[in-house]
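For the numbers below, each heavy atom of this structure counts, side chains included, while hydrogens, waters and symmetry mates do not.
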Amino acid sequence: QVQLVESGGGLVQAGGSLNLSCAASGRASRDYAMGWFRQAPGKGREFVAAFRWSGGRTYYADSLKGRFTISGDNPKNTVYLQINSLKPEDTAVYYCAVAASRFGSKWPPPRADFGSWGQGTQVTVSS
């Protein structure tokens, strides 16, 4: 089973940037994409972006387009999330997850395809 380890979170001032990483080990053939989600205190887990291993296709939540960039390094099995112009409302635990399906890949990946979550990395933005 795939294991995910996120890193790169921290405390930053508003307007700053962070580059989060998610390293995957034990990928399976039906794992076709990676996604980033976030969960702010007292809120549900929110989709941020997805990266497709084959072809490098990306997809973003409409409300977050522009400041977030997802990318991947296939040989390293690592996905990144660059966040620019950070705002206090970006404060959350950021999780990565694998999209997998026995029935072939879909784009954008449906929420139901995401599993094998990492432990998360805390991002705190001070005003």
Side-chain angles (χ1 to χ4, degrees):
Q1 184 172 345
V2 65
Q3 292 186 329
L4 306 173
V5 178
E6 301 99 332
S7 61
L11 173 63
V12 295
Q13 289 188 335
S17 299
L18 281 175
N19 191 27
L20 309 182
S21 299
C22 173
S25 59
R27 278 176 57 189
S29 59
R30 61 182 184 182
D31 298 343
Y32 66 91
M34 297 286 289
W36 281 99
F37 294 75
R38 68 183 186 179
Q39 188 165 16
K43 295 187 178 181
R45 196 164 293 188
E46 175 189 25
F47 170 77
V48 176
F51 175 85
R52 185 171 179 166
W53 289 117
S54 177
R57 195 171 181 182
T58 60
Y59 178 76
Y60 298 90
D62 286 341
S63 61
L64 300 178
K65 288 180 180 178
R67 298 188 297 115
F68 293 76
T69 303
I70 190 170
S71 60
D73 187 329
N74 218 329
K76 293 183 178 180
N77 288 328
T78 300
V79 173
Y80 306 95
L81 184 69
Q82 175 74 29
I83 314 173
N84 297 324
S85 302
L86 278 156
K87 303 176 181 180
E89 51 264 41
D90 294 321
T91 295
V93 179
Y94 284 72
Y95 299 91
C96 65
V98 172
S101 175
R102 295 178 295 165
F103 308 108
S105 63
K106 311 168 192 68
W107 202 258
R111 181 67 178 261
D113 277 4
F114 285 102
S116 301
W117 299 86
Q119 83 289 349
T121 185
Q122 176 71 47
V123 172
T124 303
V125 184
S126 63
S127 57

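Leu86 and Tyr95 are not part of a single hydrophobic cluster, where members link through side-chain heavy atoms under 4.5 Å apart. Val98 is connected to Ile70 through a chain of hydrophobic side-chain contacts under 4.5 Å among Ile, Leu, Val, Met, Phe, Trp and Tyr, so both are in one cluster. Connection of Tyr59 to Val48 is not established within any shared hydrophobic cluster, with ILVMFWY side chains joined at heavy-atom distances below 4.5 Å, either directly or through further cluster members. Hydrophobic clustering (side-chain heavy atoms under 4.5 Å, transitive across Ile, Leu, Val, Met, Phe, Trp, Tyr) groups Trp53 together with Tyr60. Linking Ile, Leu, Val, Met, Phe, Trp and Tyr residues whenever their side-chain heavy atoms come within less than 4.5 Å leaves Leu4 and Phe37 in two separate clusters.
Listed here is the closest heavy atom pair of Gly8 and Thr121: N-OG1, 4.1 Å. Between Ser17 and Asn84, the closest heavy-atom pair is OG-OD1, 3.1 Å.
Counting heavy-atom neighbours within 6.0 Å of Lys106 NZ, excluding the residue itself, gives a total above 12. No more than 12 heavy atoms of other residues, nucleotides or ligands sit less than 6.0 Å from atom CD of Gln3.
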Query - Stepwise side chain to side chain contact (heavy atoms under 4.5 Å, CB included) test for Ser71 and Gln82 - result: CA-CA 8 Å; Ser71 60; Gln82 175 74 29; over 6 Å; no
Requested in this report: Apply the test side chain to side chain contact (heavy atoms under 4.5 Å, CB included) to residues Arg27 and Met34: give CA-CA distance (whole Å), side-chain angles for both, the deciding distance (0.1 Å), then the verdict.
Outcome: CA-CA 11 Å; Arg27 278 176 57 189; Met34 297 286 289; 5.9 Å; no
Query raised in the report: Is there a side chain to side chain contact (heavy atoms under 4.5 Å, CB included) between Tyr80 and Asp73 once you walk through the steps?
Result: CA-CA 8 Å; Tyr80 306 95; Asp73 187 329; 4.1 Å; yes
Requested in this report: Output, in order, the C-alpha distance, side-chain angles, deciding distance and verdict of side chain to side chain contact (heavy atoms under 4.5 Å, CB included) for Asp90 and Phe68.
Outcome: CA-CA 11 Å; Asp90 294 321; Phe68 293 76; 3.8 Å; yes
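Using cut-offs of 30° and 60° on the angle between ring planes, the pair Trp117 and Phe114 is tilted.
Between the CZ atom of Phe47 and the CG atom of Leu64 there is a distance of 9.0 Å, given to the nearest 0.5 Å.
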